[in-house]
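Below is one structure, written out as structure tokens; the observations come after it.
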Amino acid sequence: MAEVLVYVDHVDGAVRKPTLELLTLARRIGEPVAVALGNGAADTAITLAEHGATRVLTHDASEYAEYLVVPKVDALQAVVEAVSPAAVLVPSSAEGKEIAARLALRTGSGLITDAVDLEAGAEGPVATQSVFAASYTTKSQVTKGTPVITVKPNSAAVEAAPAAGAAEALSVSFSDKATGTKVTGRTPRESTGRPELTEAAIVVSGGRGVNGAENFALIEALADSLGAAVGASRAAVDAGWYPHTNQVGQTGKSVSPQLYIANGISGAIQHRAGMQTSKTIVAVNKDSEAPIFDLVDYGVVGDLFEVVPQLTEEVKARRR
């Protein structure tokens, strides 16, 4: 069976959930070979082996932290040329998509971004995508070179599948372009204690109907009772009620949680494009004609200022 490269998204050796999801998908189309780069790369081997990696290729160098994505592209290109994999899978983050695009260009390969599913095909992996603001679902296949595919978080369940996962050190020679853009500083993001928005299993969002920054405390309280991330519509963000980093939509972040709860959100196409692939969608809106109700699995026609606190208390009561 052909090998499938999985680019490992980790922080100092702690593997992030989207990578584990990629290993699940990689097993459908071949034998997963993980590529971990940067500080703590070798520490990822145990976790990756527990989730199906037959090999873990690691390399640490100061260039990965000191410069932008080019050193990582250099490393992946070297692995692709050495392994000749059936595909390269990359988490669909902002950095991941840049790495994937540069790698595809260098290797003369086709690129598929934001896949939500993968399956084996007669002539290579077949990727499912949600396109045109999630109005259509398409199946795509790369016809040239080594398929490079980025996959959205929450596209597959994390499954334990113990494998050999033998760690192997890579030998990487960086190109002249690797040091072209230097990182001059980093500011740690303040932790809210909530899950990362794009990776969360549950997302609770607020829109124009929240009617003020101070009222987002209602949305946060419901999210905290569920262990969820907090999202916001563009209208709420543009009004200054919530940070842009939490915006869900075409010009914000795309999410695909198991449960999405939209509160006071009309359901304009801009917002739908960022959450329409959610597995279960619930909406609370006092306007029974709001477009969001055409999309939902469960809808509540009512005042969110009455419904949300009651829902929060009910969730808390069931968890006591």
Side-chain angles (χ1 to χ4, degrees), residues 17 133-134 152-154 157 188-320:
K17 180 170 169 277
K152 291 177 67 172
N154 292 317
R189 183 171 56 189
E190 292 184 13
S191 175
T192 62
R194 301 186 183 101
E196 165 64 31
L197 181 59
T198 57
E199 300 175 16
I202 304 174
V203 174
V204 179
S205 287
R208 193 191 305 274
V210 175
N211 201 29
E214 67 281 2
N215 296 327
F216 257 86
L218 293 174
I219 306 301
E220 292 177 332
L222 177 56
D224 291 342
S225 72
L226 292 165
V230 175
S233 71
R234 178 174 177 174
V237 169
D238 286 349
W241 299 344
Y242 221 67
H244 180 266
T245 52
N246 294 74
Q247 182 181 329
V248 174
Q250 202 161 23
T251 55
K253 294 180 177 178
S254 294
V255 299
S256 189
Q258 295 297 315
L259 173 62
Y260 187 88
I261 304 177
N263 302 282
I265 296 174
S266 65
I269 191 65
Q270 197 277 344
H271 186 76
R272 293 170 63 149
M275 46 66 73
Q276 194 158 321
T277 56
S278 302
K279 309 306 182 290
T280 301
I281 301 172
V282 177
V284 179
N285 200 301
K286 63 182 181 182
D287 179 7
S288 61
E289 309 247 335
I292 192 75
F293 287 124
D294 295 333
L295 178 67
V296 302
D297 297 285
Y298 303 96
V300 179
V301 179
D303 188 339
L304 71 87
F305 294 101
E306 296 178 4
V307 175
V308 172
Q310 292 181 53
L311 178 56
T312 302
E313 288 306 311
E314 182 66 23
V315 171
K316 288 180 178 178
R318 294 194 178 196
R319 291 199 163 189
R320 288 188 189 121

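- Classification of the Phe216-Tyr242 ring pair by plane angle, with boundaries at 30° and 60°, yields parallel.
- To the nearest 0.5 angstrom, Tyr260 atom OH is 13.5 Å from Asp297 atom CG.
- For Lys253 and Glu196, the salt-bridge test passes: some basic side-chain N is under 4.0 Å from an acidic carboxylate O.
- The side-chain heavy atoms of Gln250 and Arg234, taken from C-beta on, include no pair separated by under 4.5 Å.
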(request) Show your working on side-chain contact (heavy atoms from CB on, under 4.5 Å) between Val210 and Leu218 and close with a plain yes or no. (result) CA-CA 9 Å; Val210 175; Leu218 293 174; over 6 Å; no

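- Side-chain contact between Lys152 and Thr198 is absent, with no heavy atoms from C-beta onward closer than 4.5 Å.
- Heavy-atom neighbours of Arg208 CZ from other residues, nucleotides or ligands within 6.0 Å: at or below the threshold of 12.
- Annotation for Glu214: atom CD counts as buried by contact number, over 12 foreign heavy atoms lying within 6.0 Å.
- For the atom pair CD of Glu313 and CG of Leu222, the computed distance is 10.5 Å after rounding to the nearest 0.5 Å.
- The nearest pair of heavy atoms linking Ala213 to Gly240 is CB-O, 4.4 Å.
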(message) One pair to check against side-chain contact (heavy atoms from CB on, under 4.5 Å): Arg272 and Leu295. What are the steps and the verdict?
(response) CA-CA 9 Å; Arg272 293 170 63 149; Leu295 178 67; 4.0 Å; yes

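- When atom types are taken as modelled, the side chain of Gln310 and the backbone of Glu306 share a donor-acceptor pair closer than 3.5 angstrom.
- Between Thr312 and Pro309, the closest side-chain pair of non-hydrogen atoms is not below 4.5 Å.
- Between Ser278 atom OG and Ile261 atom CD1 the span is 11.0 Å, to the nearest 0.5 Å.
- In plain terms, the two heavy atoms of Pro257 and Ala201 that are nearest each other are CB-O, 3.3 Å.
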(request) Test side-chain contact (heavy atoms from CB on, under 4.5 Å) on Val237 and Asn246 and set out the steps. (result) CA-CA 8 Å; Val237 169; Asn246 294 74; 5.9 Å; no

(request) Apply the test side-chain contact (heavy atoms from CB on, under 4.5 Å) to residues Lys286 and Leu304: give CA-CA distance (whole Å), side-chain angles for both, the deciding distance (0.1 Å), then the verdict. (result) CA-CA 7 Å; Lys286 63 182 181 182; Leu304 71 87; over 6 Å; no

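- Here the shortest heavy-atom pairing between Ile265 and Asn285 reads O-ND2, 3.2 Å.
- Ala283 approaches Val296 most closely through the heavy-atom pair CB-CG1, 3.4 Å.
- Note: Leu226 CG to Lys316 NZ = 10.5 Å, rounded to the nearest 0.5 Å.
- Counting heavy atoms from C-beta outward, Thr245 and Leu197 have side chains that stay 4.5 Å or more apart.
- The main-chain N or O of Gly206 is never found under 3.5 Å from a side-chain atom of Asn263 such that the two would form a donor-acceptor pair.
- Smallest separation of non-hydrogen atoms from Lys279 and Gln258: CB-O, 3.4 Å.
- Shown here for Val248 and Ser205, the closest heavy-atom pair between the two residues is CG2-OG, 4.2 Å.
- Summarising the geometry, atom CG belonging to Asn215 is positioned 4.0 Å from atom CZ belonging to Phe305; distances are rounded to the nearest 0.5 Å.
- The CD atom of Gln276 sits 11.0 Å away from atom OG of Ser256, with the distance rounded to the nearest 0.5 Å.
- When side chains are defined from C-beta on, Phe293 counts as touching Val301, because their heavy atoms get closer than 4.5 Å.
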